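Quick caveat: nothing in here was measured; it's all calculated off a predicted structure. Note that ligands are numbered from 1 as they come in the structure, with each ligand's atoms numbered from 1 the same way.
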Amino acid sequence: MDQIRIRGGRPLSGTIPISGAKNAALALMPAALLTDEPLTLRNLPRLADIDTFGHLLNQHGASTHTQGSRPEDFGRVMTVRAGRITSTTAPYDIVRKMRASILVLGPLLAREGRATVSQPGGCAIGNRPIDLHLRGLQALGAEVELASGYVRATAPRGGLVGGRVVFPQVSVGATENVLMAAVLARGETLIENAAREPEIVDLARCLVAMGAQIEGIGTERLLVSGQERLHGATYAVMPDRIEAGSYACAVGIAGGEVLLAGARRDIMEATIAALEAANVSVLEERGGLRVRRRNGLAATDATTAPYPGFPTDMQAQLMALMCVAEGASVLTETIFENRYMHVPELARMGADITVSGRSALVRGVPELTAAPVMATDLRASMSLVIAGLAARGETVVRRVYHLDRGYERLEEKLQAVGADIERVADD
Ligand code: UD1
């Protein structure tokens with residue numbers, strides 16, 4: 001298994017290209033199951049999760065065809081064609097690798113009238129139930145049964161029927177699943193308290209390009225008029241706001257000035273506000289966002305919340321930055337109950353962090369020192385890379401497969417802006 005080695009202390013300078021958004025791509029790929037015509041997705045990131053999702057789609061009978069990508073290019077184009085669905089079951093072996101597999105439930109149910117998906121179970125950042133997905137689909141007439149670790153959903157004869165879905169809590173995945181089901185349901189569906197994440201806007205726009213009728217895109221109230229069928233489309237995946245935010249934290253901790261090519265300010269306001277408060281300047285210019293550390297890093301507080309709030313997927317990376325800021329910061333996690341696995345690892349690098357319930361008090365220290373570290377999820381792993389960029393000595397981050405799930409060629413992108421980082425085989 002590979003590991004990442006970083007020798008800290010080098011400022012970053014140059015350009016980092018921002019890839020297509022993983023979380024948007026993982027919602028756009030299952031949308032291909034809604035039509036028998038091809039859906040071509042441009043700007044898909046090259047990530048392990050995207051490959052896994054491709055295998056899942058193949059397993060349902062869809063063909064996936066990747067075009068025109070040379071190994072040196074970032075991103076790729078994939079055409080998914082689900083001419084005929086040959087299996088409506090998403091098996092345990094794939095779902096356990098990737099929770100986002102649950103997103104085939106809505107499309108399969110809408111198109112085939114039934115779907116059986118392995119229950120995803122817990123994961124490193126918490127319990128993560130799927131009750132909201134199921135309640136939403138039930139509101140469209142689905143019958144849901146849980147047996148032997150699988151969710152079996154069945155539509156009424158004649159297919160799903162539009163309904164009113166009021167989410168008691170904001171859920172990105174549940175909103176996506178219900179939206180994809182509603183576009184092929186008979187009649188109108190009103191989704192209230194929908195998640196407003198930019199990735200949902202991306203999905204909704206792609207569905208519209210496929211012939212869906214959706215009003216209220218980007219708001220908490222989505223009104224869908226179901227269509228008899230959708231058609232194929234070509235759609236470019238939005239830039240990854242979490243990847244961009246992560247590299248902005250990297251520049252913040254290492255110093256220097258970097259252009260995040262392709263990054264969009266309008267979908268990163270809360271992250272940028274936190275960075276600006278920390279003394280990291282983020283300026284929009286043609287082609288992306290220019291990030292520069294002003295003088296010393298200043299402590300700043302942040303509380304995670306559904307979009308447009310501060311993203312839970314940025315909490316660990318901001319914490320790495322706060323470890324060396326002047327003063328004390330309080331970071332509060334309100335989305336997932338167990339998302340501080342990076343804390344003991346950062347502490348091994350000399351960070352001063354006290355977790356109390358959902359909040360972490362981070363007292364800035366003058367410097368971090370390198371150590372062998374590892375984390376159990378993607379963003380926690382990235383926070384260790386960020387810490388490593390500023391730490392004295394050589395940091396070794398193990399379990400690199402977490403990073404490969406969400407950061408396209410991380411070490412290449414960081415090397416290109418002057419970081420001393422390499423991927424080596426585990427000894
Ligand atoms: C998505 C993102 C993930 C991000 C999260 C929150 C993808 C592939 N993943 O995950 O990176 O951290 O949004 O922005 O897009 N919940 C329930 N019942 C449900 C569903 C969710 O209680 O049926 C809870 C969850 O446990 C969590 C909260 O709702 O506490 C938000 O989760 P949700 O927005 O659904 O996250 P995901 O879609 O799984």
Check whether the side chains of R358 and Y340 place a donor and an acceptor atom closer than 3.5 Å, and report yes or no. no

Identify whether the distance between the nearest side-chain nitrogen and carboxylate oxygen of D36 and R229 falls below 4.0 Å. yes

Quick one: are M268 and E284 in side-chain contact, heavy atoms under 4.5 Å? no

Any heavy-atom pair between the side chains of R46 and R409 that's under 4.5 Å? yes

For ligand 1, which part of A174 has a heavy atom less than 4.0 Å away: the side chain, the backbone, both, or neither? neither

If you measure every N or O of E176 against every N or O of ligand 1, does any of those distances drop under 3.5 Å? no

Which bit of Q169 gets closer than 4.0 Å to ligand 1, counting heavy atoms only: side chain, backbone, both or neither? side chain

With a 4.0 Å cut-off on heavy atoms, is E199 in contact with ligand 1? no

Mind checking whether T312 has an N or O less than 3.5 Å away from an N or O of ligand 1? no

Heavy-atom distances under 4.0 Å are what count here, so tell me which part of D131 touches ligand 1: side chain, backbone, both or neither. both

Has ligand 1 got any nitrogen or oxygen that is less than 3.5 angstrom from a nitrogen or oxygen of A100? no

Cationic N near anionic O, under 4.0 Å, D313 to K22: no

With heavy-atom distances below 4.0 Å as the criterion, list the atoms of ligand 1 near G173. 35 (O), 38 (O)

Between E143 and T154, do the side chains contain an N or O donor and an N or O acceptor separated by less than 3.5 Å? no

Element-labelled atoms of ligand 1 that are located less than 4.0 Å from some non-hydrogen atom of R339: 12 (O)

How does D313 reach ligand 1, by side chain, by backbone, by both or by neither, if only non-hydrogen atoms under 4.0 Å count? side chain

Assess whether a salt bridge exists between R423 and E412, defined as any Lys/Arg side-chain N lying under 4.0 Å from an Asp/Glu carboxylate O. no

Candidates L134, L378, I335, D377; heavy atom nearest atom 31 (C) of ligand 1 found on I335

Do T312 and R339 have side-chain atoms, one donor and one acceptor, less than 3.5 Å apart? yes

Is there a nitrogen or oxygen of L26 sitting under 3.5 Å from a nitrogen or oxygen of ligand 1? no

Can you tell me if M314 has a non-hydrogen atom under 4.0 Å from ligand 1? no

So do the side chains of R292 and V251 get within less than 4.5 Å of each other, counting heavy atoms only? no

